[in-house]
Protein chains: 2
Amino acid sequence: MEISHRNLTQQLVHELGKAILQGKYSENKLPSEADIAKEYDISRTATREAIKMLTAKGLISSRPRQGIKVQDIKHWNLFDSDVLRWVLLGKPDLYMLRHFLDVRLAIEPAAASLAARYASDDEIIKIETSLSKLKFEGSGYDDTHQADIDFHKSILFASNNPFFIQLQTFVETALKVNLHFTKRADAVSEKEYQEHVDIFNCIKAGDEQGAFDTAAKTTKLTISLVNERIAALERINKT
Amino acid sequence: MEISHRNLTQQLVHELGKAILQGKYSENKLPSEADIAKEYDISRTATREAIKMLTAKGLISSRPRQGIKVQDIKHWNLFDSDVLRWVLLGKPDLYMLRHFLDVRLAIEPAAASLAARYASDDEIIKIETSLSKLKFEGSGYDDTHQADIDFHKSILFASNNPFFIQLQTFVETALKVNLHFTKRADAVSEKEYQEHVDIFNCIKAGDEQGAFDTAAKTTKLTISLVNERIAALERINKT
DNA sequence: TGGGTCTTATTTGTATTATTAATACTATTG
DNA sequence: CAATAGTATTAATAATACAAATAAGACCCA
């Protein structure tokens, strides 16, 4: 196999990352460095650097004489956006989507609550801007969903907590990948828009509990929808 | 400077990680690969591999002719336990502690709630075991706190959500580092123990809302303590 | 003078080769 | 049979050379 030009190491990281997450390597054992280098027709140096990057992300480990092994999932840095993308691309299933939604349910109400307490005027304006883009009728599907993503990101940013801020890319990556598979024809509905407005109003008013509750309500609704789909799927599998 | 033998790359990753987080590199600019290699008396190959690992963790970026630069904090993988350790060791301040507690407040009640729904019998037993070690009077300070950490970890594990499970090392690292700075003479108090018991009982009974609330209550108490200390600190700084 | 283009120097990126270190496996020997 | 020494495999490190990218300045021309 060959990979395109420009940053061979980065390319290989991506190729191997995807391959690992697709379960391409049986028994969690990768080929030796030399074999990988040969397979992708690049030097062992570049190969080793790619291996090191994947090691840093917790995906693999390598020891002399033992070779390169895939680590247990509990070591994977799932909050690394690369890893997350590979996971979601590798197994785009409803269960993983629910797991992810459960994290959002933990994160986003908390972030909204913190935003209600700490957001600066600029940060409030940022949230409001993406909210207005969400409403704008003439915009296309992609723009609307980018505005949706920006809305969530700006709330995380406004939390003024570096951990939540770091989760911006986490949420963005997951939302984008999920759109691949749950793409709906309609744009954001009026009801959804109203919920976003409610969240914003609570944040602007400094109502921490209200921001928490309204944000939780929105996410919970999505979760119940996914749970229904999972339940339906399981009924089909049983028969 | 020199670094000890055995896994030079790993050692260098750690040295550079700590140095970066201590703000050792002014203007966010690191020396060139060649200079770093010279400084630590290792080859450029090993240096590059260390650089790649730090790049994978989002700490730095490197481009030809431009050199190696420290990335903006929003790119750091704060949920990587290495990065987290460097952050906490680099700036052991109360503000970062509060930020971390705010994340715990988001994570742990949610995990407890999921555990109440999904925990298997084995996972329940695991939680109970660490709880019993927490109570055992004869155990020393370190053992008690390890049991405390294990209690929180076993709840995360019992959530059966890979994202929360991944946060086990996150919580463990942060709790251990924080103990360095907030070390109290007393062990876990009777009241704290009782709160842990309450959380466990809710999980065992499958009471999702109860597990959420009791877990949140415990963390909120700690947060208010830290907030008081911060407020006191700010009063001192003003005068 | 202003602005675009070319050259050059610097730094990372990649390749190649060799040597060392760690370790699983094997054979030897008491 | 068991402890030990040997052997083979693979990653770890090193040294070196060259390629590619690019920032900065030189240069040219309208």
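The sequence lines fix the lettering, A, B, ..., with proteins before strands; numbering per chain opens at 1. These values consider heavy atoms only, across backbone and side chains, with no hydrogens, waters or symmetry-generated copies.
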Please identify each residue that fulfils ring pair (Phe, Tyr, Trp, His ring centres under 6.0 Å) with [X], with sequence neighbours left out.
X: B/F151; value: B/H196
X: B/F100; value: B/F170
X: A/H14; value: A/W86

Polar pairs (N or O, both sides) under 3.5 Å between protein and nucleotides 16-19 of chain C?
residue, atom, partner, partner atom, Å
C/dT16, O4, A/T45, OG1, 3.1

Tell me: [atom1] of [X] to [atom2] of [N], nearest whole Å?
X: B/K38; N: D/dT13; atom1: NZ; atom2: C1'; result: 19 Å
X: A/I68; N: D/dT9; atom1: CD1; atom2: P; result: 17 Å
X: A/D35; N: D/dT9; atom1: CG; atom2: C1'; result: 12 Å
X: B/L8; N: C/dT20; atom1: CG; atom2: C1'; result: 11 Å
X: B/K29; N: C/dT10; atom1: NZ; atom2: P; result: 13 Å
X: A/L30; N: D/dT10; atom1: CG; atom2: P; result: 14 Å
X: A/K69; N: D/dT9; atom1: NZ; atom2: P; result: 19 Å
X: A/Q10; N: D/dA21; atom1: CD; atom2: C1'; result: 15 Å

Spacing of [X] atom [atom1] and [Y] atom [atom2] [to the nearest 0.5 Å]:
X: A/W76; Y: A/L84; atom1: CH2; atom2: CG; value: 12.0 Å
X: B/I60; Y: B/M53; atom1: CD1; atom2: CE; value: 11.5 Å
X: A/I155; Y: A/L114; atom1: CD1; atom2: CG; value: 11.5 Å

N/O-N/O pairs, protein side and nucleotides 23-27 of chain D side, under 3.5 Å:
residue, atom, partner, partner atom, Å
D/dA23, OP1, B/Q66, OE1, 3.2

So, does A/T9 get its side chain near the phosphate of C/dG13, meaning an N or O under 4.0 Å from OP1 or OP2?
no
So, is B/S32 near the phosphate of C/dT10, with a side-chain N or O under 4.0 Å from OP1 or OP2?
no
So, are B/K57 and B/D82 salt-bridged, with charged N and O less than 4.0 Å apart?
yes
Among B/R104, B/R85, B/K153, which residue meets the salt bridge (charged side-chain N to carboxylate O under 4.0 Å, His left out) test with B/E172?
B/K153
More than 12 heavy atoms of other groups within 6.0 Å of A/K74 NZ
no
Side-chain heavy-atom pair B/N161, A/H99 within 4.5 angstrom cut-off
yes
Side-chain touch B/V13/A/K52, heavy atoms, less than 4.5 angstrom:
no
So, with a heavy-atom separation below 4.0 Å from DNA chain C, the residues of residues 47-56 of chain B are B/R48, B/K52
